[in-house]
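Below: the structure, in structure tokens.
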Amino acid sequence: MTALDELDRRLARAGSEITTTFASAPAGNARRVMRRAVRQRATMGASVAVAAVIAVGAVTLTIGGDGGERQVASRGSESSGPGTTTGGTTEVGTLDDLAALALRGGSWQLTDASERAGGGDSADAIPSRHVRYVDDAGGIVSLDLFAVPAGSFYETIVPVLTATDGFTMVSIRGVEGRVEADGNFISVAWRESSTTIASLSVHGATDQAEAVAIAESLARVDQSHWRTMMSEAPSADGPTPTTIED
Amino acid sequence: MGVGSASVSPTALPGRAAVAAQPYVRDEDFVAFYRREYSAVVGLAFVLSGSRSVAEDIAQDAFVAAYRQWTRIASYDDPGAWLRRVVANRSVSRFRRATSEAKALLRHGQDNAVQPEVSVEALALWAEVRRLPRRQAQAVALQHVDGRSVREVARILGCSENTVKTHVLRAKSTLAHRLREVSE
């Protein structure tokens with residue numbers, strides 16, 4: 001048997017193992033995928049409405065998405081200014097804090113990703129960091145951290161759809177207004193500098209209470225660490241990561 | 001991440017017999033599509049990324065992207081081919097980016113990855129595949145995990161069949177050489 005024959009045999013066997021193993025794996029929830037897609041489409045479609053909110057300081061914003069029209073509560077979308085955070089939510093923490101966050105007795109796994117705000121296949125991808133939580137029962141909670149360049153399309157839409165109180169982290173604790181209809185999605189955004197906005201979203205929680213708990217826990221993580229995480233994001237194939245500087 | 005380059009025109013996709021005859025225009029169709037394709041694309045993403053959780057993320061992201069464009073993608077002869085191109089591209093890209101994450105995990109001593117029950121030999125072989133140039137790795141994975149023909153791999157990756165053959169030939173030559181080195 002030649003080396004190539006042996007390799008073919010091993011590849012066939014290794015491929016078969018993968019196929020067999022994953023064939024029996026739980027497929028997850030297609031409906032959840034669909035809800036997430038609808039949220040992304042709604043985000044992309046909200047940019048026009050955002051301008052009106054900024055102008056009048058409306059408390060409620062109605063957006064239309066492919067999933068139907070719905071209301072997203074908002075206490076306004078004014079920026080609190082460069083680098084501003086309020087409410088004492090920036091207790092010093094590290095990645096260890098995040099990893100040790102033992103909701104439901106599970107464990108954290110960190111992965112690295114590049115996500116597009118609003119999703120889709122548009123060309124202007126933005127760098128992100130993806131934090132993934134897997135609990136003991138196999139449940140999954142994903143957290144996306146990303147920074148968007150000021151002045152971009154995303155700067156307009158992210159605050160309205162993700163911030164609960166301007167761009168401040170403290171508003172995480174007032175998250176009720178930001179919980180979407182399916183009760184397991186929360187996002188917050190805050191201004192990191194005069195040129196950059198960072199946003200954190202939580203999705204995949206089993207219910208609203210869990211999503212709130214996760215968001216509150218994350219508020220204790222030092223934002224400077226997040227800045228480091230994002231600034232270190234490699235970009236082998238994607239755009240140059242946004243380096244956040246105060 | 002180059003998902004923007006992942007779009008596949010309807011005419012560029014192979015019409016797999018079991019898939020081509022089905023219209024995908026309703027949510028129920030997407031659910032069926034998801035259930036039918038999920039395990040295959042997660043397996044593909046796993047061998048290309050090396051992490052089950054990363055693979056699941058990639059698959060989920062790809063399905064989200066698919067649903068967002070479902071009307072268009074459903075009209076393709078083989079929506080699964082579009083999905084595989086997205087997954088293959090994201091897997092390779094994320095694998096590279098995960099390098100820094102792996103270092104962080106090592107630094108913190110807590111690699112909590114939930115890995116599937118695959119033999120050490122198979123894991124080692126796929127690890128070698130991941131060391132290959134990205135197109136070579138994708139071609140090998142699509143052929144040996146997803147069972148795709150050269151023609152189908154070419155359509156998925158958006159290249160010619162001859163290019164696929166070259167990728168596979170070079171990949172196998174490299175792999176055989178490396179495995180020979182290991183055994184000696």
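Naming convention: chains lettered A, B, ... in sequence-line order (proteins, then strands); numbering from 1 in each chain.
Scanning residues 169-177 of chain B against chain A with a 4.5 Å heavy-atom cutoff picks out B:K172, B:S173, B:L175, B:A176, ordered by number.
Under the salt bridge (Lys or Arg N to Asp or Glu O under 4.0 Å) criterion, B:R178 pairs with B:E128, not counting sequence neighbours. Residues that satisfy the side-chain hydrogen bond (donor to acceptor under 3.5 Å, both in side chains) test with A:E17, not counting sequence neighbours, are B:S119. Residues passing the side chain to side chain contact (heavy atoms under 4.5 Å, CB included) test with B:A141, sequence neighbours excluded: B:L44, B:V47, B:L48.
Using a distance-only test at 3.5 Å, with no hydrogens or angles considered, a donor-acceptor pair links the side chain of A:T19 to the main chain of B:V145. Formation of a donor-acceptor pair under 3.5 Å by the B:R135 side chain with backbone atoms of B:L157 is found in this model.
B:W70 and B:F33 have their aromatic ring centers within a separation under 6.0 angstrom.
For a residue to count as touching a neighbouring chain, one of its non-hydrogen atoms must lie under 4.5 Å from one of that chain's; by this rule A:R10 touches chain B with backbone and side chain alike.
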